[in-house]
Amino acid sequence: MRRIAVVAMFVLVVGVAAFYARGGGDAKPLPGEPLRAAAKSRGIELGTAVRGDVLATNRAYRQIVAAQFSTVTPENEMKWALVEPDRGDLEFGPADDIVKRARDAGQKIRGHTLVWHAQLPGWLNDLGAGELRQATREHIRAVVEHFSEQVGVWDVVNEPITDRGGLRRSVFLRRLGEGYIEDAFRTARTADADAKLYINEIGAEGIGPKSNRLYEVVRGLKARGAPIDGVGFQAHSNLDGLPGDFVANMQRFKALGLDVAITEADVALKLPASEADLRAQAGVYTRIVRACEAVRCASLTFWGFTDGRSWIPETQPGQGAATLLDGDLRPKPAFGAVQAALGG
Ligand code: G3I
């Protein structure tokens, strides 16, 4: 009898452990109106970056993504190195999985990203100018066509400007010259007549050398009739907040007849974060929402929603706690602040 009880207990413990190891637990309900509903009543698409591996294995993470956000951006799964690790060998599985889950949850998808200097496959470096131009066009066409039914917005060119206002000396600029940007937009348009095509930039929120150069690039594209529809401001931030002229900066891009979106917002803190830091962070999030509303942004996307899955501590030692929920998916002051700013 005692032996049976011991075996039963063992089976139970192993079962529960396996359940949680697979991420099988439900999410604790978050208080108040879901963010996506509050945002909808304000006419804002509210999004988050997602990690495909976590989405597939962690049920609580998945539930929160579905309940709280109306649009998702694959954080890495559509990037060149992952989609085309060998030339012409297209691997869409992980991105397809995110897209399917998003569709099931009634969400839109931001495609991220087609031409960027980072997360490139090694084989690109071996190509001369002609081959690189060809491979870039083939890549854009293949990816955009594959997702044309599901992805309505693409970050076509990502981070082409340096902080000092030059063009970033990526492999594309060095081999193909500045025209690679326009070529990327024209190629994307041939692959999808309807998708919104964006240029997406980091650290260009305030008016200054970087955003001024971005403005010149975008104005040039428009003047030449290139098919660009929008400008994404990533809005990675910290307790310094975003520059006071963020709204004015976005307005001048809008005045060119473009959509503007906030595409990767987060607010990094020095670790360990104090209660005061968390409250100050909530204030920065409030201002990000207000900035988006002030320009009638096309969408507001956070770069992840839980501190347990955020690029900040992974790449910036000593920094973190940048998102709306803590590592256990519990709401931080920033969550309530975003909800309140959206009127929820
Ligand atoms: O998938 C591999 C895994 O197999 C391996 O074991 C592990 C070991 O380091 O690395 C994993 O790949 C990492 C990948 O994220 C997935 O987690 C890469 O090393 C890591 O470099 C990569 O970082 C991403 C980063 O872009 C790359 O530059 C971040 O997750 C992602 O959040 C970040 O996103 C960028 C936007 O695309 C553009 N704007 C800036 C933003 C933040 O850097």
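For ligands, and for the atoms within them, numbers begin at 1 and follow the listed sequence.
The nearest protein heavy atom to atom 2 (C) of ligand 1 is not closer than 4.0 Å. Closer than 4.0 Å to atom 18 (C) of ligand 1 lies none of the heavy atoms of the protein. In this structure, atom 40 (C) of ligand 1 is in close contact with the protein, since a protein heavy atom lies within 4.0 Å of it. For atom 9 (O) of ligand 1, the protein comes within 4.0 Å by no heavy atom at all. Less than 4.0 angstrom separates atom 5 (C) of ligand 1 from none of the non-hydrogen atoms of the protein. There is a protein heavy atom closer than 4.0 angstrom to atom 37 (O) of ligand 1. For atom 30 (O) of ligand 1, a protein non-hydrogen atom is found at a distance below 4.0 Å. Remark: atom 43 (O) of ligand 1 lies closer than 4.0 Å to at least one protein heavy atom.
Note on Glu314 versus Arg51: salt bridge recorded, some NZ/NE/NH1/NH2 to OD/OE distance being below 4.0 Å. Ion pairing of Arg133 with Asp183 is absent here, as no side-chain N (NZ or NE/NH1/NH2) approaches a carboxylate O to less than 4.0 Å. Salt bridge Lys332/Asp307: present, at least one basic N to carboxylate O contact under 4.0 Å.
Counting only N and O atoms by type, the side chains of His112 and Asn76 include no donor and acceptor under 3.5 Å apart.
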Let me have the donor-acceptor pairs involving side chains of residues 267-278, under 3.5 Å, with sequence neighbours excluded, atom names and distances please.
{"residue": "Ser274", "atom": "OG", "partner": "Ala276", "partner atom": "N", "Å": "3.4"}
{"residue": "Ser274", "atom": "OG", "partner": "Asp277", "partner atom": "N", "Å": "3.0"}
{"residue": "Ser274", "atom": "OG", "partner": "Asp277", "partner atom": "OD1", "Å": "3.4"}
{"residue": "Ser274", "atom": "OG", "partner": "Asp277", "partner atom": "OD2", "Å": "3.2"}
{"residue": "Asp277", "atom": "OD2", "partner": "Ser274", "partner atom": "N", "Å": "3.1"}

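Looking only at heavy atoms of the protein, atom 32 (O) of ligand 1 is closest to Glu75 OE2, 2.5 Å. The nearest protein atom to atom 15 (O) of ligand 1, hydrogens excluded, is given as Asn76 ND2, 3.6 Å; this is a heavy-atom distance. Considering only non-hydrogen protein atoms, atom 34 (O) of ligand 1 sits nearest to Trp303 NE1, 3.3 Å.
Of all the heavy atoms of Asn158, the ones lying under 4.0 Å from any atom of ligand 1 belong exclusively to the side chain.
For the atom pair CZ (Phe305) and OG1 (Thr323), the distance works out to 8.0 Å, reported to the nearest 0.5 Å.
With distances taken over non-hydrogen atoms, the option nearest atom 27 (C) of ligand 1 out of Gln119, Arg51, His117 is Gln119. Comparing Lys79, Gln316, His236 against atom 33 (C) of ligand 1, the shortest heavy-atom distance belongs to Lys79.
Checked against a 3.5 angstrom limit, the closest N/O atoms of Trp116 and ligand 1 fall outside it.
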For a side chain to side chain donor-acceptor pair (under 3.5 Å) check, start with the C-alpha distance between Glu159 and Gln234, then their side-chain angles and the critical distance, and finish with the verdict.
CA-CA 10 Å; Glu159 303 172 4; Gln234 296 186 12; 2.9 Å; yes
Which is it for Asn158 and His117 under the side chain to side chain donor-acceptor pair (under 3.5 Å) test, yes or no, and what are the steps along the way?
CA-CA 8 Å; Asn158 197 38; His117 64 276; over 6 Å; no
Take Thr162 and Arg169 through the side chain to side chain donor-acceptor pair (under 3.5 Å) test and state the conclusion after the steps.
CA-CA 8 Å; Thr162 67; Arg169 292 192 55 72; over 6 Å; no
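Interface atoms of ligand 1 facing Trp311, defined by a heavy-atom separation under 4.0 Å, are 32 (O), 42 (C), 43 (O). Ligand 1 places these atoms under 4.0 Å from at least one heavy atom of Gln234: 39 (N), 40 (C). Below 4.0 Å from some heavy atom of Glu159 lie the following atoms of ligand 1, by number and element: 38 (C), 39 (N), 40 (C).
At least one side-chain heavy atom of Leu127 sits less than 4.5 Å from a side-chain heavy atom of Leu124. Annotation: side chain of Val99 is in contact with side chain of Met78 (closest heavy-atom distance under 4.5 Å).
Residue contacts with ligand 1: Glu314 is excluded, as none of its non-hydrogen atoms falls under 4.0 Å.
Classified by interplanar angle (parallel below 30°, tilted 30° to 60°, perpendicular above 60°), the ring pair Phe147/Trp154 is tilted.
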